[in-house]
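In what follows, a single structure is set out as structure tokens and then discussed.
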Protein chains: 2
Amino acid sequence: MAAAKKAASIWDVARLAGVSHQTVSRVVNGSPRVAPGTRDRVMDAIAELGYRPNRLARTLAGGAVQSVTVLTADTSLYGSEASLRGIEKAARAAGWSVSISVLDPAETHSDASITMRLPRAGEPVIVVAHDDPGMRARRTLLASQPEAMVAIGEYTGKEPDEPWLIGLDDGAAAVEATRHLLDLGHSTVHHLAIPTAKGTEAVLKSHRAEGWIEALRQAGRHVPPVVYSGWSIPEAFEAVQPLVRDETVTAILCGNDDLALAAIRAAHLIGRDVPGDLSIVGFDNTPFAAYMTPALTTVNQDFEAVGRGAFELLRHRLDGSVPKPKPCWPSPELIVRDSSGPPKRR
Amino acid sequence: MAAAKKAASIWDVARLAGVSHQTVSRVVNGSPRVAPGTRDRVMDAIAELGYRPNRLARTLAGGAVQSVTVLTADTSLYGSEASLRGIEKAARAAGWSVSISVLDPAETHSDASITMRLPRAGEPVIVVAHDDPGMRARRTLLASQPEAMVAIGEYTGKEPDEPWLIGLDDGAAAVEATRHLLDLGHSTVHHLAIPTAKGTEAVLKSHRAEGWIEALRQAGRHVPPVVYSGWSIPEAFEAVQPLVRDETVTAILCGNDDLALAAIRAAHLIGRDVPGDLSIVGFDNTPFAAYMTPALTTVNQDFEAVGRGAFELLRHRLDGSVPKPKPCWPSPELIVRDSSGPPKRR
DNA sequence: CGAAGGACTGTGACCGATAACATACTATAC
DNA sequence: GTATAGTATGTTATCGGTCACAGTCCTTCG
């Protein structure tokens, strides 16, 4: 096999087909203004040389953009990973390429450190992160290139004046989950919360926590203090200890399924039965939720669909002729399994 | 705020600083052949205009490459996700950008469908996949651009004539896990296997399965037939049923922790105690392994380190002056928890 | 004092594509 | 038969950089 020579360019194809490079460009981009015979000759030349268009050159020359950069939180989180998966799938189907850059909470993020990640100024971006670095990235991009960015966030259903935002209605889902526990007869529900952004502009509570509070208030129940946890299972295991050891606690709504796993484990280790002594409900319906023991009651979230939606929204914003995706998603649905039940009478 | 004008180019900076575009290029790339005063003026102009180099143009013009494309299996698999994370981390630290493209087993992958994913011919690639599409991608790239590719695979320890391969020694790890079970007193060990590539050139068994066989042979034990599973937990749950219902089976080595979770769940549902009636060992040490009930005995795998290594190896191959990373990894280590124990006497 | 050499900077071609405009050739209409 | 659209194709500039080379200017040395 010959050593890999330099790849064929549009000029090589043009020479072989006996046409100008522009004609080749027309054929490649499917312009109707090419005679069938010419088109065939060019196609043959393309096949013979194994020609592939260079996306970099195409973008540089001002052609149609075909790449997105995703700025995301830690991909080991189920939500981020699933959203990314949705974006990638949709992008691949559209022939786009996806770059990814992780916003590490351990780093300090200046505006420059964010824009520096982009291959070029004006690169289309999707931000998938709810924490501090994510908020910062949102702000930075909104200031520098508002037309070429989309953020996945908590959708409030208020048809916001933020046409770049897309997401799930976490609040409504939390309400539903909390009501489920109250309906089972629990006098109140505790909440083991995922981290939230701490910046000045950022929210103090996640929408998940807010929905939980709202449901308790509406039912006229006591709202116990939120217990905050980190993202990791070991952190959650530590954070949940006081809750699990408190015999007056009969129901815990966890900010996600990882936290719920830690809570169940913690309960098990000190001999409290789930759901007999303690009901535990998760969030996200991760793949393992149905296969834990006890199987986890949780809220199903279609992150992958949101990822797809984010990609479609981005295309729409970049090119008005692409239809705008609907901003409402199959609303999150509670899946009742074995980890929640009525409280023991005493 | 003014509408986002076109971003500043190297020419804009040059004009403002009163130098040639080439001098700006020199400053940006840290050439020593620039007078300090000139450098300062250029730096000031860069700051004032908020100039950022365009990586596309740089690559196109033949400058240093600063991007990798990762071809990977489903990112919802822990191993793929963790490897990707390692690659991304290392790349980000080096100022490179990472593109990602998922090899969907449901698609048929022609050579063209693989090269078409790359932004340009000659784009550096890391392949993270052991299944059919992954093998195909490996072959395709090896044929078209062998110098600009690296694959993460099963490392055999044979210092292979495949300088583009890097990975973990799955075989040795499987031997260790199997011996652990035999040492506990099990007469033999069954194996619930992850899928393998089925193509003609591909291996019929994963190295994990081969290590398991080797350990059984060395101990002179019966080698039961492999039970094959898909990647997903529901598939594993189905596949493992016959094994779990067979009372002569006392120990199962699972191809990964997801399969182990499914096995434990299946055992639980028909009332077989783990590890009392049945010992189960996993592979990978996923984050949830320590928090399952019972906590899972498994083999720790540092996929993230392999990802980092793959990136370093790629840089080394692209640019000989970058040192070659060591090809041996902290060998996988068995972590004994609660899901494995001695068989019940009968 | 002139030549040699190093340090700094500029000029022009080029990477692989697209956009805008120009031109040649065909039909169709008057 | 000629003006009038189209249709098919070519030409040139441009995108934002790097590379190779060519000049300056100032030292340093014989």
Side-chain angles (χ1 to χ4, degrees), chain A residues 5-43 45-46 49-67 95 97 115 118-123 319, chain B residues 5-42 45-46 49-67 95 97 115-116 118-123 319:
Chain A
K5 297 174 242 184
K6 252 172 52 110
S9 82
I10 203 170
W11 287 94
D12 301 320
V13 176
R15 194 176 319 121
L16 183 59
V19 298
S20 77
H21 69 286
Q22 183 61 282
T23 298
V24 177
S25 175
R26 290 193 182 97
V27 170
V28 168
N29 293 295
S31 157
R33 296 255 176 292
V34 180
T38 310
R39 181 188 313 279
D40 290 346
R41 257 184 306 138
V42 172
M43 295 292 251
I46 287 176
L49 295 173
Y51 166 77
R52 307 253 139 242
N54 180 324
R55 214 172 290 173
L56 308 190
R58 178 174 289 177
T59 304
L60 184 61
V65 187
Q66 296 185 355
S67 64
S97 73
T115 54
L118 307 182
R120 65 193 181 94
E123 166 83 1
D319 172 3
Chain B
K5 301 172 238 186
K6 251 172 53 108
S9 82
I10 202 170
W11 288 93
D12 302 319
V13 175
R15 194 177 319 121
L16 183 60
V19 298
S20 76
H21 69 285
Q22 181 61 295
T23 298
V24 177
S25 175
R26 289 192 182 98
V27 170
V28 169
N29 293 294
S31 156
R33 294 260 176 290
V34 180
T38 311
R39 179 188 313 279
D40 291 346
R41 257 184 306 138
V42 172
I46 286 177
L49 296 174
Y51 166 77
R52 308 252 140 241
N54 181 323
R55 214 172 291 172
L56 309 189
R58 179 175 287 175
T59 304
L60 182 61
V65 186
Q66 297 185 354
S67 64
S97 72
T115 55
M116 221 150 42
L118 307 183
R120 65 195 179 93
E123 166 83 0
D319 172 3

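Predicted, not measured: the structure shown is a model, and the values here were computed from it. Here is how names work: the chains are called A, B, and so on, in the same order as the sequence lines, proteins then strands, and each is numbered from 1.
Judged as a side chain to side chain donor-acceptor pair (under 3.5 Å), the pairs with a partner in residues 27-38 of chain A (not counting sequence neighbours) are, in order, A:Ser25-A:Asn29. The ring-ring contact (aromatic ring centres under 6.0 Å, His included) analysis of residues 10-34 of chain A, with sequence neighbours excluded, yields the pairs A:Trp11-A:His21. For residues 8-30 of chain B, the set of pairs meeting the salt bridge (Lys or Arg N to Asp or Glu O under 4.0 Å) definition, not counting sequence neighbours, comprises B:Asp12-B:Arg15.
Nearer the 5' end of DNA chain C, as judged by each residue's closest nucleotide, is the contact made by B:Pro32, out of A:Tyr51 and B:Pro32.
Residue A:Arg15 contributes atom CZ, which lies 19 Å from atom P of D:dT9 at whole-angstrom precision. Between the P atom of C:dA19 and the CZ atom of A:Arg33 lies a distance of 15 Å, rounded to the nearest Å. In this structure, A:Leu56 atom CG and C:dA17 atom P are separated by 10 Å, rounded to whole Å. Between B:Asp40 atom CG and C:dC8 atom C1' the separation is 15 Å, expressed in whole Å. For the pair B:Asp12 CG and D:dG17 C1', the computed distance is 13 Å after rounding to whole Å.
Partners of B:Thr59 by side chain to side chain donor-acceptor pair (under 3.5 Å), not counting sequence neighbours: none found. With sequence neighbours left out, B:Ala121 forms a side-chain contact (heavy atoms from CB on, under 4.5 Å) with A:Ala7. B:Met116 is linked by a side-chain contact (heavy atoms from CB on, under 4.5 Å) to A:Arg52, counting only residues two or more places apart in sequence or in another chain. By the salt bridge (Lys or Arg N to Asp or Glu O under 4.0 Å) test, B:Arg120 pairs with B:Glu123, sequence neighbours left out. With sequence neighbours excluded, no residue forms a salt bridge (Lys or Arg N to Asp or Glu O under 4.0 Å) with A:Arg41. In this view, B:Ile46 and B:Val13, B:Val28, B:Val42, B:Tyr51 satisfy the side-chain contact (heavy atoms from CB on, under 4.5 Å) rule, not counting sequence neighbours.
Residue-level contact check: A:Thr59 touches neither bases nor backbone, having no heavy atom under 4.0 Å from any strand. Heavy atoms of A:Ser20 sit under 4.0 angstrom from at least one base atom. Contacts of A:Pro36 with the nucleic acid, taken as non-hydrogen atoms under 4.0 Å apart, are absent. B:Arg39 comes within 4.0 angstrom of nothing in the nucleic acid, heavy atoms only.
Direction of the helix axis in the helix from C:dC1-D:dG30 to C:dC30-D:dG1 shifts by 50° between the two five-pair termini, rounded to 10°.
In terms of phosphate contacts, A:Lys6 brings a side-chain nitrogen or oxygen within less than 4.0 Å of OP1 or OP2 of C:dG16. Close to C:dG10, at under 4.0 Å from its OP1 or OP2, lies a side-chain N or O of B:Thr23.
Taking each heavy atom of B:Arg58 and B:Pro53 in turn, the nearest pair found is NH2-CB, 3.4 Å. Annotation for A:Asn54 and A:Leu56: closest pair OD1-N, 2.8 Å, computed over non-hydrogen atoms.
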(request) Before giving the answer on side chain to side chain contact (heavy atoms under 4.5 Å, CB included), spell out for A:Arg55 and A:Ser67 the whole-Å C-alpha distance, their side-chain angles and the decisive distance to 0.1 Å. (result) CA-CA 9 Å; A:Arg55 214 172 290 173; A:Ser67 64; 5.5 Å; no

Could you list the protein-to-nucleotides 24-27 of chain C atom pairs, N/O on both sides, closer than 3.5 Å?
none

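Among C:dT9, C:dG16, D:dA8, the nucleotide with an atom closest to any side-chain atom of B:Leu60 is C:dG16.
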(message) For a quick check, with a 4.0 angstrom heavy-atom cut-off, what is the B/S/- contact string for nucleotides 18-24 of chain D, read 5' to 3'?
(response) BBB----

